[in-house]
2 protein chains.
Amino acid sequence: MAVDRDHVLRSAAALLTRKSTATMDEVAKAAGISRATLHRQFAGRDALVRALEALGIAECEAALEAARPGEGPATDAVRRLVAEVEPHAGLLAFLYSENQLFEGEEQNEGWTRIDEAVAGLFRRGQASGEFRIDLTPAWLTEALYGLLASAAWAVAEGRVAPKDFTHMIVELLLGGVRRQGDPARRKDS
Amino acid sequence: MAVDRDHVLRSAAALLTRKSTATMDEVAKAAGISRATLHRQFAGRDALVRALEALGIAECEAALEAARPGEGPATDAVRRLVAEVEPHAGLLAFLYSENQLFEGEEQNEGWTRIDEAVAGLFRRGQASGEFRIDLTPAWLTEALYGLLASAAWAVAEGRVAPKDFTHMIVELLLGGVRRQGDPARRKDS
DNA sequence: CTTGAATGAGACATCAATGTCTCACATGGG
DNA sequence: CCCATGTGAGACATTGATGTCTCATTCAAG
C-alpha cells in the first residue's frame, strides 16, 4: 500500500509553514496518517526536517534551472527566478528560519550550491552594468532570502495580498539593485 | 543584593540572538547567575520572552523617536531609523522569528504602534513623491523587518561585514523605494 | 477464501526542559 | 555580633514530545 511519501512531505511542509513547532502527531494528522506510519516513513522529527530540506533544495534547484539565470538581462532572470520560487516560498521560509537554529552544524551543501548560483546571477548583473556594485552579491543573496521569507509570512498572516507576492519582491529588490538612472538625484541630503 | 535585572535581560538577548533555543539553564549561566535566581526574576521562559519583547519594543520606540520620522525628507528619516535600530538588530531578529511561532495569540500592541509608525513614514514618503506608490506601506514595513533580520543573521554568521550593516539595508531598501530618476529605463524588457 | 503486508490505535518507557522546593551560605545593615 | 535578605546548588515531580512496541484490522494479491 505504501503511503504516498510525497504527499506526506507536502502536507508536512504546508503545516510546518504555518506552525513551525507542530508535533509529529499533528504532522501525521495533517497528512491523514497515523503517527506510527509517519514514523515508519521518517525515523524521527530530524529525519523529517532533513527530507523537507532535501525537497526544498530540489525545488530551489528546479526553480533556478527553470529561471535560466544565465540568459538575457540579469534583471529579467531575477524576475523569472522569483516567479519560479514563489510557489515554494512557504517551505523555503520554514527552512530559512529552521536554519537559524542549527547553530554549529554545517549546512547542507545543496544550499551552498544554490547560494553560489544566486550570487552568481547578481554578480553577472553587476558585471553587465545592470546592477549597482556597492552591494555585495552575498548580501543581495541574503536579502533576497529575507524578502522571500518576509513576503511568505506577510501573506500567510493576511497582511499583504498573495497575488502581489512576486511583484512586491521583484520590484523592491530590483529597484534597489538596478542602477539609478538619474545621478543628479544621488544622496546629497 | 537584587540581581541586575537589566544585565540579565541583555545577557539573555545576546545569547538568544545566537541560539534561540537556549535553555533557561544556559540563559542563567550566560548571565552569571543560578537558574533559581533567574526563575525568581522571570517566572518562566514565557515571562522572560515577554520581558525581552518589552525591551525590544522599548528600544524600537526609542529608535523611532530618535530618528524623528516626521522631519525632513522621508528618505533621510529612513536612513536615521535604520541607523538607530542597528544596535538592537540582533534582539529584533530573535523577536521577529519568535513572533512567527505565536500562531493564534494576538501580538503585543506595542508592535502594532511601531508598525503603524513605520508604515506612516513610508506613506509620508509616498505622499511627498519621494517613494514609489506601487508598493504598499504594509509591505515596505514588512520588508524592512525582513531585511533587518536577514542582515543581523548574515552578520552573525560572518557572511557580511558588520560595518556595512546600515549601508547595506538602507541602500537596498531605499533604492527600491526611491522613485526612479530615469523613466525611460522602465521595465520594457 | 487464504494469506501476507501495511496501517491505525494505543500502551509504555524515555528524555529533556521546566517549575518548585529545601537548605546552606554569605553579605550587608542594625 | 546577630539577623535578615538574597543567592547558589541541587533534589524532586511534572509535563510534553518522542521513540518503540504490540496487536487488531484492512486490503489486495494469489
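In the text below, chain A, chain B and the rest are named by the order of the sequence lines, each starting its count at 1. The structure displayed is predicted, hence computed values, not measured ones.
Each of B:R40 and B:G44 lies near DNA chain C, and the nucleotide nearest B:G44 is the one positioned closer to the 5' end.
With hydrogens and angles left out, the side-chain atoms of B:E142 and A:S150 include no donor and acceptor closer than 3.5 Å.
At most 12 heavy atoms of other shown residues, nucleotides or ligands fall within 6.0 angstrom of atom CD in A:E65.
In this structure, B:M24 atom CE and C:dT20 atom P are separated by 11 Å, rounded to whole Å. Here D:dA17 presents its P atom at 15 Å from CG of A:L38, a figure rounded to the nearest Å. Distance, B:D46 CG to C:dA17 P: 17 Å, rounded to whole Å. Summarising the geometry, the separation between CG on A:D4 and C1' on C:dT7 is reported as 15 Å, rounded to the nearest angstrom. When rounded to the nearest whole Å, the span between NE2 of B:H39 and P of C:dC21 equals 10 Å. Straight-line distance from the CZ atom of B:R5 to the P atom of D:dT7: 13 Å, rounded to whole Å. Counting to the nearest Å, the C1' atom of D:dT5 and the CD atom of B:Q41 are 14 Å from each other. Straight-line distance from the CG atom of A:L48 to the P atom of D:dA17: 16 Å, rounded to whole Å.
For the side chain to side chain donor-acceptor pair (under 3.5 Å) criterion with B:R79, the lone passing option out of B:E171, B:E84, B:H167 is B:E171.
Within residues 26-36 of chain A, the residues that place at least one heavy atom under 4.0 Å from DNA chain C are, in residue-number order, A:G32, A:I33, A:S34, A:R35, A:A36.
Under the 6.0 Å cut-off for aromatic ring centres, A:Y145 and B:W153 do not qualify, their centroids lying 6.0 Å or more apart.
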Ring pair (Phe, Tyr, Trp, His ring centres under 6.0 Å) between A:F122 and A:W139, worked out: CA-CA 10 Å; A:F122 286 119; A:W139 160 238; over 10 Å; no

CA sep, side-chain torsions, deciding dist, call: A:E26, A:K19, salt bridge (charged side-chain N to carboxylate O under 4.0 Å, His left out): CA-CA 10 Å; A:E26 299 175 286; A:K19 186 182 178 184; 3.1 Å; yes

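A donor N or O paired with an acceptor N or O is not found under 3.5 Å between the base of C:dG19 and the side-chain atoms of B:R45.
The side chain of B:T37 sits closest to D:dG8 out of D:dT20, C:dA9, D:dG8.
Atom CG of B:L172 sits about 10.0 Å away from atom CG of A:L144, to the nearest 0.5 Å.
OP1 or OP2 of C:dA17 sits under 4.0 Å from a side-chain N or O of B:T23.
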